[in-house]
Protein chains: 2
Amino acid sequence: MKVLIVEDDPLHRSYLHEAVCAALPECETVIEAASGTTGETLARDHKSAHIVMDLQMANRNGIEAARTIWKERPETRILFWSNYSDEAYVRGVSRIVPDGAAYGYVLKSASDERLKLALRSIFVENQCVIDREVRGLQQKSLGQNNGFTDSEYEILVDIALGLTDRAIARRRNLSLRSVQNRLQSLYDKLDVYQTVGFEQEDGRFNLRTRAVTIAFLRKLLNYSALERAEAELQEWLAERA
Amino acid sequence: MKVLIVEDDPLHRSYLHEAVCAALPECETVIEAASGTTGETLARDHKSAHIVMDLQMANRNGIEAARTIWKERPETRILFWSNYSDEAYVRGVSRIVPDGAAYGYVLKSASDERLKLALRSIFVENQCVIDREVRGLQQKSLGQNNGFTDSEYEILVDIALGLTDRAIARRRNLSLRSVQNRLQSLYDKLDVYQTVGFEQEDGRFNLRTRAVTIAFLRKLLNYSALERAEAELQEWLAERA
DNA sequence: CCAGAAGTTGCGGGTTTACGCAAGACGCGG
DNA sequence: CCGCGTCTTGCGTAAACCCGCAACTTCTGG
């Protein structure tokens with residue numbers, strides 16, 4: 001077995017290296033990549049079938065890298081190893097995993113034991129392993145009791161990018177009013193309407209920007225999600241030139 | 001000499017521990033804290049004069065912790081050791097450092113050598129050491145050729161929080177129009193006006209939200225800056241009840 | 001002391017947002 | 001086939017936002 005490690009931080013990388021060797025005696029080669037892009041090319045060159053991938057890396061982040069890798073060979077098994085369980089990451093990952101693929105999501109705060117178990121489960125048993133905490137988020141966002149529907153999430157991203165209502169309407173093929181409807185339900189769910197003291201006066205927030213902020217604070221959005229969304233936007237803009 | 005290490009990540013913490021011991025043979029005790037809050041209390045209990053502090057930690061981030069520590073004993077020497085050199089962090093730090101205090105800012109990507117040098121410079125020689133890259137940012141933001149003035153940065157934060165023009169006016173004791181002036185100069189500097197294809201049509205951005213997004217993408221803002229700003233806002237709201 | 005730069009305010013008007021109201025469109029179990 | 005809930009869309013309005021124009025207040029260097 002050959003395992004590819006994609007991880008920014010040299011400390012974490014060497015820790016992972018050891019963990020892999022300890023958990024998988026049948027693994028005879030470990031390759032390391034220090035960035036998303038080199039991870040992609042190494043995966044291609046070595047036809048890697050077993051990858052451990054950090055999310056949040058400096059250049060190209062883990063989700064991007066995983067997407068291109070999975071696009072080329074969807075049966076690749078990837079274990080995501082991340083510091084955070086932001087809903088933005090969880091959504092990002094579950095959006096790109098090909099159906100039937102085995103993957104895992106383990107937090108860096110997990111114990112050695114847990115990490116090793118996850119390594120064996122995915123790479124040997126070909127089974128999905130998703131951290132309890134992350135799992136919770138998934139449930140919540142899929143079962144839409146408190147979570148956001150895809151259309152709400154989509155429009156959240158759109159306003160976060162700074163698009164006008166009209167621009168969103170064009171992009172998503174909707175009428176202006178529909179865009180605004182979706183916005184309203186987003187505002188409802190995000191609970192943007194805290195009238196905020198300001199004594200007796202009106203003193204409301206600017207709903208649009210406030211929604212983005214709250215989403216950020218609740219980790220529905222984060223830097224990497226924004227970055228990806230911005231890239232998609234630029235792409236979309238380019239192809240209608 | 002006694003050194004206090006405040007750092008989330010166990011790997012980084014033990015790495016730091018070793019680095020401190022190697023660089024400072026005169027250091028007989030090393031104390032470790034795994035979060036900002038325990039860092040604060042340990043600093044108080046031990047009257048720590050030498051601290052190495054991570055920024056971005058899960059609960060209370062490094063800037064908060066440093067602020068309360070410096071408030072109690074401004075002559076404390078703190079070396080910030082961070083993954084990123086976001087302008088938001090740099091601004092955050094330089095906003096709270098007491099004048100005359102010795103402090104340092106070293107990136108985690110720096111070599112062992114550089115880290116050890118910084119440790120000696122600050123803790124033994126009582127000298128400021130700021131990473132080249134970070135220094136560049138400081139220059140740029142202070143010498144305001146391309147950078148932002150304080151008032152522009154302030155208003156950036158205010159709209160990022162989702163305040164309305166009127167609310168900002170009240171908070172900063174300005175007229176509505178002045179707020180809007182500052183907004184305009186912010187928009188100029190952030191270069192929000194890329195009309196963006198959309199064929200012949202108007203299709204502009206929503207300037208307000210777009211400004212926030214661009215600031216995020218350029219790391220003028222980041223999660224921890226937002227978090228702090230939000231806390232300050234709530235505080236301000238509370239004290240006018 | 002004055003000219004000029006920089007920042008603050010008021011006024012006015014064009015545009016964008018937020019949202020109530022109401023008419024259709026679509027899906028789905030009975 | 002009908003009724004009902006969930007989207008979508010249009011219309012209209014009040015508020016918020018963006019910003020040009022122009023009068024004032026500080027400041028600052030000469």
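Just so we're on the same page: letters track the sequence lines, and every chain starts at 1. These numbers come from the heavy atoms of this one structure, side chains and all, not from hydrogens, waters or symmetry mates.
Close to D:dC18, at under 4.0 Å from its OP1 or OP2, lies no side-chain N or O of B:Tyr193. Between A:Ser178 and D:dT8, a side-chain N or O to OP1/OP2 separation shorter than 4.0 Å is absent. In terms of phosphate contacts, B:Tyr187 brings no side-chain nitrogen or oxygen within less than 4.0 Å of OP1 or OP2 of D:dC17.
Following rounding to the nearest Å, A:Leu207 (CG) and C:dT16 (P) show an atom-to-atom distance of 18 Å. Following rounding to the nearest Å, A:Ile155 (CD1) and C:dT17 (P) show an atom-to-atom distance of 11 Å. Rounded to an integer number of Å, the gap from A:Glu154 CD to D:dT8 P is 11 Å. Rounding to whole angstrom units, CG of residue A:Leu183 and P of D:dT9 are separated by 14 Å. As a whole-Å value, the separation of B:Leu186 CG from C:dG7 C1' is 16 Å. If you take CZ of A:Phe205 and P of C:dA18, they are 15 Å apart, rounded to a whole angstrom. Between B:Arg166 atom CZ and D:dC18 atom P the separation is 14 Å, expressed in whole Å. Between A:Ile168 atom CD1 and C:dA18 atom P there is a gap of 10 Å when expressed in whole angstrom units.
Projected onto DNA chain C by closest heavy-atom contact, A:Leu176 and A:Asn181 fall at different nucleotides, the more 5' of which corresponds to A:Leu176. In this structure, A:Arg182 and A:Arg177 both approach DNA chain D, and ranking their closest nucleotides by distance from the 5' end singles out A:Arg182. When the nearest nucleotides of DNA chain C are assigned to B:Gln180 and B:Asn173 by heavy-atom distance, the more 5′-ward of the two goes with B:Asn173.
Rounding to the nearest 0.5 Å gives a distance of 5.0 Å between CG of A:Asn222 and CG of A:Asp86.
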Candidate pair B:Gln56 and B:Tyr89, rule side-chain hydrogen bond (donor to acceptor under 3.5 Å, both in side chains), full reasoning: CA-CA 9 Å; B:Gln56 67 274 337; B:Tyr89 281 129; 3.0 Å; yes

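Ring centroid separation for the pair B:Phe216 and A:Phe216 comes in under the 6.0 Å cut-off.
A:Thr37 meets the side-chain hydrogen bond (donor to acceptor under 3.5 Å, both in side chains) test with A:Ser35; sequence neighbours excluded.
With hydrogens and angles left out, the side chain of B:Gln184 and the base of D:dC18 share no donor-acceptor pair within 3.5 Å.
A cation-pi arrangement is absent between B:Arg77 and B:Tyr103 under the rule of less than 6.0 angstrom and at most 45 degrees off the ring axis.
Counting non-hydrogen atoms under 4.0 angstrom, A:Asn206 reaches the backbone sugars and phosphates but no base.
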